[in-house]
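Notes for the one structure printed next.
In listed order, ligands and their atoms are each counted from 1.
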Amino acid sequence: MRIAMIGCGYVGLVSGACFADFGHRVACVDKDANRVKSLIGGIMPIYEPDLEALVARNSGEGRLAFTTELAEAVRSADAVFIAVGTPSRRGDGHADLSYVYNSAREIAAALDGFTVVITKSTVPVGTGDEVERIIRETRPDADFAVVSNPEFLREGSAIRDFKHPDRIVVGTDDARAKEVLAEVYRPLYLNAAPILYVERRTAELIKYSANAFLATKITFINEIAELCEKVGADVQDVARGIGLDNRIGSKFLHAGPGFGGSCFPKDAVALIKTAQDNDAPLRIVETVVAVNDTRKRAMARKVVAALGGAVRGKSIALLGLTFKPNTDDMREAPSIPLITALQDLGAKVRAYDPEGMDQARLVLSNVTYCDGPYDCAEGADALVVVTEWEQFRALDIERLKKVMAKPVLVDLRNVYRADFMQENGFSYVGVGRVASRAPRHDWSQAQPEDQRFPPASAERDRILS
Ligand SMILES: NC(=O)c1ccc[n+]([C@@H]2O[C@H](COP(=O)([O-])OP(=O)(O)OC[C@H]3O[C@@H](n4cnc5c(N)ncnc54)[C@H](O)[C@@H]3O)[C@@H](O)[C@H]2O)c1
């Protein structure tokens with residue numbers, strides 16, 4: 001298949017490179033000439049693990065090319081994917097579809113022979129109808145079909161997610177389009193990834209519903225975490241206790257500083273707007289967005305409380321700025337409202353992030369950016385773990401204590417154990433855990449009388465023997 005991928009961002013670039021890796025010939029188009037130039041030179045405009053090598057291999061073998069010339073790429077393509085941004089529209093929160101519609105116009109002008117135009121961008125219900133109308137208006141003679149094929153990859157594990165998806169959703173009732181999409185995704189179909197063929201509007205709604213549901217799950221456990229703190233329970237044990245129920249599942253039940261990123265916040269709001277416009281309000285999702293918004297800034301209060309009620313003039317060190325590990329994406333990162341709130345209260349903020357500091361500099365000012373976690377902790381009155389990068393999971397606690405002004409750890413991702421940190425002389429605050437309570441039950445130390453609710457499998461066998 002010959003594929004044109006419009007937009008070389010987190011989705012377009014990864015999808016384009018993966019399609020090329022399947023053996024298709026892919027032209028990735030972006031209107032940002034600098035981005036294209038750096039991609040041609042082998043420099044990735046975003047950080048995504050293993051992407052550089054994947055791009056280098058497929059470019060080197062002649063299956064993957066980068067260009068600003070949309071018309072040329074579209075003219076020879078069997079399938080044209082639209083993977084441009086759909087940010088929140090200023091003022092009302094609806095998805096800004098101008099990039100999608102502009103690319104639809106440009107695509108229309110270049111169509112040559114039967115072509116399938118596929119929206120991979122996350123777009124509200126009915127956008128496919130409008131894309132179809134725009135193309136038909138621009139080129140009444142064109143032979144084409146418009147399909148919705150939402151993308152579910154996650155930044156940080158995007159290549160793996162793209163190559164091993166839980167499902168592929170294809171929204172169309174056009175038989176020729178189905179054939180093309182089946183061929184495009186054939187390598188994954190061989191991996192037994194289910195393809196779900198649905199009506200186009202349904203496909204569009206599946207993507208928003210999935211994101212809204214996941215955002216709801218995160219927000220639910222965050223509220224339970226608040227309750228845990230008030231009543232002296234441990235949210236991680238609650239999450240495990242409910243997550244082992246197959247109907248609930250253990251994923252997305254990690255309490256933290258609130259969801260961020262380039263998708264959940266804007267998609268939840270856009271879905272709410274669509275629902276309101278159609279007189280079918282989604283009260284649960286509305287509440288999720290409201291709760292999450294207040295939570296991010298409320299994390300600053302946690303830090304203030306850990307420092308005894310005031311942070312004016314204090315030095316606070318933040319580890320992790322991106323909205324999650326293994327990406328450089330700062331869009332809607334919880335670190336942003338946290339830092340601005342701390343600065344508003346008079347704190348001096350130091351920060352370190354393995355990949356996100358270039359992006360962070362564009363959105364956060366008056367922050368001292370550091371060379372590593374220990375440099376960041378130097379002279380700090382508190383250390384705050386905001387994003388759980390691997391390299392923050394096993395810090396040298398003694399070294400931290402030596403360089404910090406005060407041994408205070410605010411762990412917004414529950415990476416460390418409260419009892420361990422306290423034994424090592426730290427004042428510790430986690431999320432949804434009461435710092436002073438007894439250590440969590442450790443089954444590896446269990447005595448025979450502890451076996452009323454034994455853990456599963458090998459560990460249980462070991463204890464019983
Ligand atoms: N980032 C994610 O994890 C993720 C996951 C699933 C779905 N999505 C959705 O995918 C879409 C793209 O997201 P992203 O994060 O890749 O965006 P992005 O902002 O990283 O990239 C978009 C790219 O499109 C380019 N572009 C815009 N208009 C263009 C045009 N007319 N012609 C050529 N290029 C154009 C921009 O220059 C930019 O490089 C969004 O709708 C998003 O909601 C994102």
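- The minimum heavy-atom distance linking Glu48 with Ile159 is given by the pair OE2-N, 4.5 Å.
- With a 4.0 Å heavy-atom cut-off, ligand 1 is reached by the side chain of Glu106 but not by its N, CA, C or O.
- Taking atom 6 (C) of ligand 1 as the reference point, the nearest protein heavy-atom neighbour is Glu151 O, 3.2 Å.
- At least one N or O atom of Lys31 sits closer than 3.5 Å to an N or O atom of ligand 1.
- Taking every heavy atom of both residues into account, Cys263 and Asn211 meet most closely at CB-ND2, 3.9 Å.
- Among all non-hydrogen protein atoms, the one lying nearest atom 38 (C) of ligand 1 is Asp30 OD2, 3.4 Å.
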Walk me through it: do Glu132 and Arg200 pass the test salt bridge (charged side-chain N to carboxylate O under 4.0 Å, His left out)? CA-CA 11 Å; Glu132 187 171 317; Arg200 191 165 65 201; 2.9 Å; yes
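- Listed by number with element, the atoms of ligand 1 under 4.0 angstrom from any heavy atom of Lys207 are 6 (C).
- Note: an N/O pair closer than 3.5 Å links Tyr10 and ligand 1 by distance alone.
- A salt bridge does not link Glu199 with Arg201: every distance from a Lys NZ or Arg NE/NH1/NH2 to an Asp or Glu carboxylate oxygen is 4.0 Å or more.
- Proximity to Arg35 (heavy-atom distance under 4.0 Å) selects the following atoms of ligand 1: 39 (O).
- Numbered from 1 in the order shown, with element, the atoms of ligand 1 that lie under 4.0 Å from a heavy atom of Ala83 read 12 (C).
- Residue Ser103 approaches ligand 1 through these ligand atoms, each under 4.0 Å from one of its heavy atoms: 31 (N).
- A salt bridge links Arg133 with Glu137: the closest approach of a Lys/Arg side-chain nitrogen to an acidic carboxylate oxygen falls below 4.0 angstrom.
- Only the side chain of Arg331 comes within 4.0 Å of ligand 1, counting heavy atoms alone; its backbone N, CA, C and O stay farther away.
- A donor-acceptor contact shorter than 3.5 Å links the side chain of Gln343 to the backbone of Ser365.
- Of all protein heavy atoms, the one lying nearest to atom 24 (O) of ligand 1 is Gly7 CA, 3.4 Å.
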One pair to check against side chain to side chain contact (heavy atoms under 4.5 Å, CB included): Leu364 and Met330. What are the steps and the verdict? CA-CA 10 Å; Leu364 288 164; Met330 284 294 297; 4.2 Å; yes
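- The shortest N or O to N or O distance between Tyr99 and ligand 1 is not below 3.5 Å.
- Closest to atom 44 (C) of ligand 1, if we only count protein heavy atoms, is Val11 CG2, 3.2 Å.
- Here the heavy atom of the protein found nearest to atom 9 (C) of ligand 1 is Thr122 OG1, 3.4 Å.
- If you number the atoms of ligand 1 from 1 as listed, the ones under 4.0 Å from a heavy atom of Ile6 come out as 32 (N), 33 (C).
- Contacts of Ser262 with ligand 1, taken as heavy-atom pairs under 4.0 Å, involve the side chain alone.
- The six-membered or imidazole ring of Phe19 lies near that of Phe162, with a centre-to-centre distance under 6.0 Å.
- Among all protein heavy atoms, the one lying closest to atom 5 (C) of ligand 1 is Leu153 O, 3.5 Å.
- In terms of polar-atom proximity, defined here as any N/O pair under 3.5 Å, Asp32 makes no such contact with ligand 1.
- The N/O atoms of Thr86, backbone and side chain alike, include one that comes under 3.5 Å of an N/O atom in ligand 1.
- Here's the thing with Lys266: one of its N/O atoms is less than 3.5 angstrom from an N/O atom of ligand 1.
- Looking at Lys266 and Glu332, no side-chain N of the basic residue comes within less than 4.0 Å of a carboxylate O on the acidic one, giving no salt bridge.
- Ligand 1 places these atoms under 4.0 Å from at least one heavy atom of Cys263: 2 (C), 4 (C), 5 (C), 8 (N), 44 (C).
- The aromatic rings of Phe264 and Phe259 sit perpendicular to each other, their planes meeting at more than 60°, with 30° as the lower class boundary.
- The shortest non-hydrogen separation linking Thr138 to Ala108 is CB-CB, 3.7 Å.
- Every atom of ligand 1 is numbered from 1 in the order shown, and the set under 4.0 Å from a heavy atom of Gly85 is 22 (C).
- Using a 4.0 Å cut-off between charged nitrogen and carboxylate oxygen, Asp375 and Arg350 count as a salt-bridge pair.
- The distance from ligand 1 to the heavy atoms of Gly9 drops below 4.0 Å at these ligand atoms: 16 (O), 18 (P), 20 (O), 21 (O), 23 (C).
- Side-chain atoms of Arg2 never come within 3.5 Å of backbone atoms of Asp78 as a donor-acceptor pair (strictly under, hydrogens ignored).
- Contact analysis leaves Asn102 out of contact with ligand 1, as no non-hydrogen atom separation drops below 4.0 angstrom.
- Atom 26 (N) of ligand 1 has its closest protein heavy atom at Val84 CG1, 3.6 Å.
- Between Gly258 and Pro334, the shortest heavy-atom contact is O-CG, 3.3 Å.
- Using the six-membered ring where Trp is involved, Tyr352 and Phe392 have ring planes that are perpendicular, over 60° apart on the 30 and 60° scheme.
- For Glu155, a nitrogen or oxygen atom sits less than 3.5 Å from a nitrogen or oxygen atom of ligand 1, counting backbone and side chain alike.
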